[in-house]
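Here is the structure we will look at.
If you're wondering where the values come from, they're calculated on a predicted model, not measured in any experiment. Numbering of ligands and ligand atoms starts at 1, following listing order.
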Amino acid sequence: MKRKLPPTVKQLQKDARRFLWHPFTQMREWEQQPPLIINRGKGALVYDVEGNAYLDGTSSIWVNLHGHRHPTIDQAIRHQLTQIAHSTFLGLSHPPGIQLAKALIQLAPSGLKKVFFSDNGSTAVEIAIKMALQYWQQCPSPQPRKTQFVHLGSAYHGDTVGGMSVSDVELFRKPFAALLFPGHHAVEAPHCYHCPLTLQFPSCQMACLDPLDALLQERHEEIAGVIIEPMVQAVAGIIPSPPGYLTRVQESCRRHHVLLIADEVATGFGRTGRMFACEHESISPDIMAIAKGLTGGYLPLAATLTTDAIYSAFLGAPLEGKTFFHGHSYTGNPLGCAAALANLSIFKTERTLSHVQRRTPKLAVFLKALADDPWVGDIRQCGYMVGIELIQDRQKKTPFPVGDRIGHQVAMAARTLGLLIRPINQTMVLMPPLSATIQELQQMVDILKIAISLVRASKKSEATCSQSP
Ligand SMILES: *Cc1c(COP(=O)(O)O)cnc(C)c1O
């Protein structure tokens with residue numbers, strides 16, 4: 001193999017530094033490292049422009065399911081290109097959009113009957129919120145005072161203003177506080193959502209549910225909906241909810257006539273071992289947002305699913321104002337829909353869910369090898385969503401100082417060893433593609449283990465150096 005850099009790599013790196021601004025990235029820190037430029041992928045691997053291979057431990061930020069360059073999805077997009085790349089969805093349909101809506105309704109929790117397409121998870125949530133709000137103005141016995149939303153502590157529902165308003169990640173929201181809509185309530189999340197270092201399901205009495213139920217009891221006349229990430233709060237650091245929690249949230253919502261919005265953007269499409277996380281407790285939300293895995297990680301497409309009852313409330317004469325006035329230029333993009341249909345077909349042909357279910361306990365066994373590491377404070381797993389929380393002192397439960405950027409350092413060390421992984425604060429988030437083989441899963445965990453010890457070793461030698469005169 002030739003290892004000589006083609007001149008274009010240098011040029012690309014130079015231009016990347018000169019022209020790009022990356023999302024969720026402190027660009028000053030980024031500018032100090034050679035930019036990693038990915039130009040190919042195959043299965044669970046991605047390759048940079050210099051030919052180095054990396055295991056895709058983030059599934060390209062939680063979207064990829066069946067691996068990169070899956071022939072079925074590649075082919076479906078190519079075929080759709082021979083038909084049409086895009087045609088507006090404003091009042092017009094197209095075959096892949098129709099077929100995909102039908103397929104999604106067949107898979108979705110019972111009661112969901114209509115599909116409203118959009119482009120990304122944040123918009124799918126934004127649409128859910130707008131739908132819920134307008135529904136209460138137009139439903140058979142209108143309750144226009146129902147304008148507020150309840151979300152859980154530590155929740156994340158996207159970056160648009162509506163999504164931010166129902167999120168609870170202070171760091172992301174702070175500069176935009178002035179824009180956030182009023183009348184949203186953060187309800188304390190289940191006990192264990194808030195104490196990631198002391199997860200103890202057996203001792204959980206779910207006293208934590210009482211604040212939600214109490215709030216709905218007291219304020220249901222003003223509350224339009226409750227939004228949750230079913231089973232796992234992802235951005236919070238992969239925090240699973242206690243068994244039975246979802247069921248009780250649904251009961252509270254039904255009892256107090258409040259809509260239940262399930263944000264399955266991260267958990268949908270097999271991530272937790274079921275097609276949708278709602279299935280773990282057989283709940284049926286009134287509205288469900290999906291995005292990330294919808295196209296198997298190929299193209300930006302999202303959808304908001306809802307019930308006939310909600311849909312019907314929007315029916316009326318054209319000038320009656322009951323129309324749902326929301327849409328995007330690329331709503332329901334046909335290439336995206338074709339990719340999504342292929343994605344769903346692979347779940348059948350490759351029996352993806354049963355593979356994930358079979359490999360999940362094996363992944364748990366690999367992860368056990370990390371539990372002995374003195375820096376590993378907690379390992380949380382729900383299917384192929386894994387959070388490995390690093391901690392400075394396990395006995396005293398002292399976290400690392402934020403300024404240490406420990407998660408970032410470990411991610412950088414893992415990168416040099418051939419694994420892409422992104423931390424959320426001090427939690428290493430491992431989200432392998434659902435197609436990752438047992439060997440690849442094992443390799444990902446092995447590399448992470450080495451990366452942690454490398455960072456520890458470099459910290460120790462730093463400390464020794466600074467002690468010496
Ligand atoms: C990623 C995510 C979103 C936002 O989706 P984007 O496609 O990034 O806009 C919303 N909700 C949850 C739970 C997510 O994980």
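Contacts between S122 and ligand 1, counted as non-hydrogen atom pairs separated by less than 4.0 Å, involve both the backbone and the side chain. At a 4.0 Å heavy-atom cut-off, ligand 1 touches V265 through the side chain alone. At a heavy-atom distance under 4.0 Å, atoms from both the backbone and the side chain of Y156 approach ligand 1. Residue contacts with ligand 1 for H157 involve N, CA, C or O but no side-chain atom from C-beta outward (heavy atoms, distance under 4.0 Å).
Of the protein's non-hydrogen atoms, the one nearest atom 12 (C) of ligand 1 is D263 OD2, 3.4 Å.
Contact atoms of ligand 1 toward A266: 15 (O) (distance under 4.0 Å to a heavy atom of the residue). Ligand 1 places these atoms under 4.0 Å from at least one heavy atom of G158: 4 (C), 10 (C).
When only interatomic distances are considered, the shortest N/O to N/O separation between K292 and ligand 1 falls below 3.5 Å. At a 3.5 angstrom cut-off on N or O pairs, G121 counts as close to ligand 1.
Looking at E222 and K146, no side-chain N of the basic residue comes within less than 4.0 Å of a carboxylate O on the acidic one, giving no salt bridge. Using a 4.0 Å cut-off between charged side-chain N and carboxylate O, D56 and K42 make no salt bridge. A salt bridge is defined here as a Lys NZ or Arg NE, NH1 or NH2 lying under 4.0 Å from an Asp or Glu carboxylate O, and R255 with D213 meets this definition. Taking the charged nitrogens against the carboxylate oxygens, D15 and R17 have no contact shorter than 4.0 Å, which rules out a salt bridge. Using a 4.0 Å cut-off between a side-chain N of Lys or Arg and a carboxylate O of Asp or Glu, E251 and R254 do not qualify as a salt bridge.
Cation-pi contact between R271 and Y384: absent, since separation from the ring centre below 6.0 Å together with deviation from the ring axis within 45° is not met.
Of the possible donor and acceptor atoms, none in the side chain of Q426 sits under 3.5 Å from a partner among the backbone N and O of I391.
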